[in-house]
Amino acid sequence: MQYWLMKSEPGDYSIDDLERDGTEHWDGIRNYQARNLMRDQMKVGDRVLFYHSNAKPPGVVGVAEIAGRPYPDHTQFDPDAKYYDPTSDQDNPRWIMVDVRFVEKLPRLVSLPELRSYGELADMVLLNRSRLSVQPVTKEQYQFILDRAREPAPEKG
DNA sequence: GCCAACGTTGGC
DNA sequence: GCCAACGTTGGC
């Protein structure tokens with residue numbers, strides 16, 4: 001089992017949306033590195049930290065799991081879609097997506113500044129200037145963040 | 001809304 | 001293959 005962090009802007013799709021929907025396809029990935037991770041490394045059942053980006057504050061808000069193997073992202077062929085890719089070939093689609101299933105909403109948000117405050121997380125891809133919207137996390141990082149979420153928020157300062 | 005960091009494109 | 005220009009991400 002591997003562990004991931006996936007970003008979503010809550011204005012576009014939030015953890016509450018996923019809780020309501022149960023399972024949703026994760027479309028719109030248009031980055032080769034993220035695509036390759038989904039295509040080559042994601043396995044059904046892998047756990048995902050659901051991260052709210054462009055939020056106030058940004059941070060990890062929930063857990064999801066990978067619900068199926070990757071398949072073509074239909075939005076790449078939709079001229080009206082935000083992530084339309086006119087250069088993608090119908091017979092050899094460039095972009096894929098996976099289905100993601102809601103697991104839980106964390107007892108509290110673990111914010112980006114809080115994540116940065118933990119030396120244990122210093123190597124997280126998220127904290128090292130990566131803009132990858134799908135990124136691997138280690139089992140230790142995953143568990144550490146869940147453990148923090150089950151404790152009271154640390155004192156500020 | 002600004003803009004730094006990063007990724008992609010395309011001319012050469 | 002280099003790299004400048006451009007586009008996007010995402011924190012602030």
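In what follows, chains are A, B, ... by sequence order, proteins preceding strands, each numbered from 1.
- Considering only residues two or more places apart in sequence or on other chains, Asn92(A) meets the side-chain contact (heavy atoms from CB on, under 4.5 Å) condition with Asp89(A).
- In this structure Tyr84(A) satisfies the ring pair (Phe, Tyr, Trp, His ring centres under 6.0 Å) test with no other residue, sequence neighbours excluded.
- Glu120(A) contributes atom CD, which lies 11.0 Å from atom OG1 of Thr138(A) (distance to the nearest 0.5 angstrom).
- Between the CG atom in Leu106(A) and the CZ atom in Arg150(A) there is a gap of 6.5 Å [rounded to 0.5 Å].
- Through side-chain heavy atoms spaced under 4.5 Å, either directly or across other Ile, Leu, Val, Met, Phe, Trp or Tyr residues, Tyr32(A) is tied to Trp95(A).
- Scanning for ring pair (Phe, Tyr, Trp, His ring centres under 6.0 Å) contacts around Trp4(A) gives an empty result, with sequence neighbours left out.
- Residues from residues 26-37 of chain A lying near DNA chain B, meaning a heavy-atom separation below 4.0 Å, are Asn31(A), Tyr32(A) in numerical order.
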Give me, pair by pair, the N or O atoms of the protein and of nucleotides 8-12 of chain C that are less than 3.5 Å apart, along with how far apart they are.
from, atom 1, to, atom 2, distance (Å)
dT8(C), O2, Arg131(A), NH1, 2.8
dG10(C), OP1, Lys7(A), NZ, 2.5
dG10(C), OP1, Arg131(A), O, 2.8
dG11(C), OP1, Tyr51(A), OH, 2.7
dG11(C), OP2, Asn54(A), N, 2.9
dG11(C), N7, Asn54(A), OD1, 3.3

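- Interatomic distance, CG of Leu127(A) versus CZ of Arg116(A), reported as 5.5 Å (0.5 Å rounding).
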